[in-house]
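Below is one structure, written out as structure tokens, with a few remarks after it.
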Number of protein chains: 2
Amino acid sequence: MEKQSVTIYTVAREARVSMATVSRVVNGNPNVKPETRQKVLDVIKQLNYRPNAVARGLASKKTTTVGVVIPNITDPYFAELALGIDDVASMYKYNIILTNSDSDDEKILKVVRSLLAKQVDGLIFMGHDVSDDLRNEFESTNTPVVVAGSIVNNDALPSVRINYQAAAKEATEFLLKHGDQQVAYITGPLRYSINGEDRLNGYKEAMANNNVAFNESLVIETDGSYQAGYAKAQEVIEKGLKAAYVTDDSLAAGLLNGLTDAGISVPDDFELISSNDTNYTKVVRPTITSITQPLYDLGAISMRLLTKLMDGDDSNDDEKSVILDHGFVERQSTRK
Amino acid sequence: MEKQSVTIYTVAREARVSMATVSRVVNGNPNVKPETRQKVLDVIKQLNYRPNAVARGLASKKTTTVGVVIPNITDPYFAELALGIDDVASMYKYNIILTNSDSDDEKILKVVRSLLAKQVDGLIFMGHDVSDDLRNEFESTNTPVVVAGSIVNNDALPSVRINYQAAAKEATEFLLKHGDQQVAYITGPLRYSINGEDRLNGYKEAMANNNVAFNESLVIETDGSYQAGYAKAQEVIEKGLKAAYVTDDSLAAGLLNGLTDAGISVPDDFELISSNDTNYTKVVRPTITSITQPLYDLGAISMRLLTKLMDGDDSNDDEKSVILDHGFVERQSTRK
DNA sequence: TTGAAAGCGCTAACAG
DNA sequence: CTGTTAGCGCTTTCAA
């Protein structure tokens, strides 16, 4: 009992007009006599006609679909951005092909190619890194690309982010001003420029500003996970550290819980500041003092920027990159 | 400097073969002489030819894309399912159009229609409810649909889930056996059948089994959010309650923190069990005892089932619905 | 205001 | 093993 599909041709025949006319009314073209329009509309409703977006895409070379690559949907940081992206996308009548990249360069390349093959009108890339092959791919396509959050070393591409270096500097100085001389820098992979350059530079800058020598052994690298944070509590205790600026909320939450479970009292015995202001920082106890980022807006504005690019609005090449304001919120993981 | 797009025709001409042959090579059709294949492959590489998936979709009536509707990406429960879906999808070479529905019936209908217009090969629906219009939509399309998690009143549609009633019953009985006679049922919206029927029935069943009368005032309805849980702590304290089975992890986490911040000690003064075993239950302190669900698998198996349906494998109509095993894990929010 | 007709780039018989 | 030929369902000139 396969339903017979009703096409634009069926409608045209039934309404005794041409396909062109049907196409016009479907697309809201004003050059149609009201009576004709009504007649067509009636037939469309009666037949329950639904335009085939694939055919439309082929003919018009627009798919009203944008690709979004995300390292991991279950990461609250990126999920929040994705929410902003999706909201604005649907506001502009775009659908989103969302693909997990697992931060794996091979897979990233694969999905980007697949997205491009599907003729997405634009692409939003979230990730920690842009490999050479990927950069190549982006440069050799006409499809506009926007980088959202997390990447900086990338002036070639339009991007939306905050000033990670300044934020890290402020967080570190906050700790320094509390008299913590040995502020650790506990981080996700340093090969990601956001960790290995921007934030680390901010950290160093704060140290320099306060005349405390940079100490390599205070830089503690992890994979950025909750588990890694939990496990590092031991090392932190052994080293007798008293404070840390942490680059990821999951990492910070893990560290916090590891410390607490080991009998260390935060913030009395240890002060902690994190970077992303995701739910992690608010759900744990004590809550975590953090740099704040407009997560939703980071995504929303990326998508908004992309719509402009897709509309061919290259007018202001100067503002291809958008830096949003960040903030800072004191919670319970630091002392008053 | 718009790049001239290279089509199958360009390749055919350059390789001095027909489009059909190029198509065969691209699609791995074995009926091509090795030398010819090589020649075509060379030209493809040289021209950097990429097949246009939209054209392919139009011609073949397959888009290798599936639609996924999700209430909210940032909800860890659904995000985990989405991860499973995406992994299996990419395993089977499908892309995913992921759309947030905000649990809004109007919007759900809109996105489902849009997905169908885009000729997705299949659809995975995550949500709390299926409105009449939506059910209608699903029934009048040939596109296979699988419901993943959360919905039960829906025997018409293939679905993948756990036995929510049995799980709720076990959780409630655990509390009852601890001597808590006044076990509250703190829930998200009761209009969702999963809360208003399945879990509630499990709760009642447990009460009946243990000869404790069902008490309407122990059923506390909320919107299911962390904030709602936090706020409800007050009411719980005023009512002098000592234990609760909670239907959502965010809700449970909020309640827990609300209680703790109000000076109530969990589990000494109050026992708490939650339902979904998301990160929430593991990150808070005390950690939350919970029903466990194979979240990732729920998604993965939904997608796997969908691939079968898309392949037209209607062979076993009997097992259209899959019920996965659930479990239970004791953590710190209940006494030993 | 409307229609005819030429594609969009590819797949899928069918014939050879 | 390979080529020819219709489409897939729609948009978009171009004329009328």
Side-chain angles (χ1 to χ4, degrees), chain A residues 2-41 43-44 47-65 114 116-121 142-143, chain B residues 2-41 43-44 47-65 114 116-121 142-143:
Chain A
E2 191 77 5
K3 285 113 192 165
Q4 187 51 50
S5 71
V6 3
T7 73
I8 198 174
Y9 176 75
T10 326
V11 176
R13 177 157 44 73
E14 211 68 15
R16 306 179 172 291
V17 297
S18 71
M19 289 164 49
T21 300
V22 178
S23 176
R24 287 190 188 99
V25 348
V26 166
N27 292 297
N29 182 319
N31 297 333
V32 182
K33 205 194 328 177
E35 307 141 54
T36 312
R37 174 185 308 282
Q38 195 51 56
K39 187 172 55 179
V40 172
L41 252 18
V43 174
I44 285 179
L47 265 39
N48 192 27
Y49 166 68
R50 311 280 187 83
N52 179 321
V54 174
R56 200 192 285 225
L58 183 58
S60 69
K61 297 183 168 308
K62 293 211 164 312
T63 54
T64 62
T65 302
S114 154
L116 259 17
K118 295 220 165 151
Q119 313 299 118
V120 294
D121 296 335
N142 291 314
T143 309
Chain B
E2 190 77 7
K3 285 110 192 165
Q4 186 52 49
S5 69
V6 5
T7 74
I8 198 174
Y9 176 74
T10 327
V11 175
R13 176 157 42 72
E14 212 66 15
R16 305 178 173 290
V17 297
S18 71
M19 289 163 49
T21 298
V22 177
S23 176
R24 287 191 188 98
V25 171
V26 166
N27 293 297
N29 183 318
N31 298 333
V32 182
K33 207 200 317 180
E35 307 140 54
T36 313
R37 174 185 307 281
Q38 196 50 55
K39 186 171 53 179
V40 172
L41 252 19
V43 174
I44 286 178
L47 265 40
N48 192 25
Y49 165 69
R50 309 280 186 86
N52 179 322
V54 174
R56 198 192 286 226
L58 184 57
S60 68
K61 298 184 167 306
K62 294 212 165 311
T63 54
T64 61
T65 302
S114 153
L116 259 17
K118 295 220 164 150
Q119 314 300 118
V120 294
D121 296 336
N142 291 315
T143 310

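These numbers come from the heavy atoms of this one structure, side chains and all, not from hydrogens, waters or symmetry mates. Model, not experiment: these values are computed from the prediction. In what follows, chains are A, B, ... by sequence order, proteins preceding strands, each numbered from 1.
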Let me confirm one number: the [atom1]-[atom2] distance from [X] to [Y], rounded to the nearest 0.5 Å.
X	Y	atom1	atom2	value
Q119(A)	K61(A)	CD	NZ	7.5 Å
I44(B)	T10(B)	CD1	OG1	11.0 Å
T21(B)	M19(B)	OG1	CE	10.5 Å
R37(A)	N29(A)	CZ	CG	7.5 Å
N27(B)	R56(B)	CG	CZ	5.0 Å

Net bend of the helix from dT1(C)-dA16(D) to dG16(C)-dC1(D), end axes of five pairs each, nearest 10 degrees =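 For the helix from dT1(C)-dA16(D) to dG16(C)-dC1(D), the axes at opposite ends meet at about 30°.
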Go through the steps for K118(A) and T65(A) under the test side-chain hydrogen bond (donor to acceptor under 3.5 Å, both in side chains), then give the verdict.
-> CA-CA 9 Å; K118(A) 295 220 165 151; T65(A) 302; over 6 Å; no
What pair of heavy atoms forms the shortest contact from T63(A) to V120(A), and how long is it?
->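 Residues T63(A) and V120(A), closest heavy atoms: OG1-CA, 3.7 Å.
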May I ask you to verify if any side-chain N or O of T36(A) is less than 4.0 angstrom from the OP1 or OP2 atom of dT2(C)?
->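 Yes, within the criterion.
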Is there a side-chain polar atom (N or O) of T21(A) under 4.0 Å from OP1 or OP2 of dG3(C)?
->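 Yes, because at least one side-chain N or O of T21(A) sits under 4.0 Å from OP1 or OP2 of dG3(C).
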So do N52(B) and T7(B) actually touch side chain to side chain, heavy atoms under 4.5 Å?
->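 T7(B) vs N52(B): side chains apart.
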How about Y9(B) and V22(B): do any of their side-chain heavy atoms sit closer than 4.5 Å?
->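 No, every pair of side-chain atoms sits at 4.5 Å or beyond.
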If you walk 5' to 3' along DNA chain D, what is the first nucleotide with an atom under 4.0 Å of a heavy atom in chain B, and what is the last?
->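 Nucleotide range with atoms under 4.0 Å of chain B: dC1(D) to dG9(D).
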Sequence-aligned protein contact record of nucleotides 7-16 of chain C, with B where the base is within under 4.0 Å of a protein heavy atom and S where only the sugar-phosphate is | BBBBBBB---
Give the intermediate values and the outcome of side chain to side chain contact (heavy atoms under 4.5 Å, CB included) for residues L116(B) and T143(B).
-> CA-CA 8 Å; L116(B) 259 17; T143(B) 310; 3.9 Å; yes
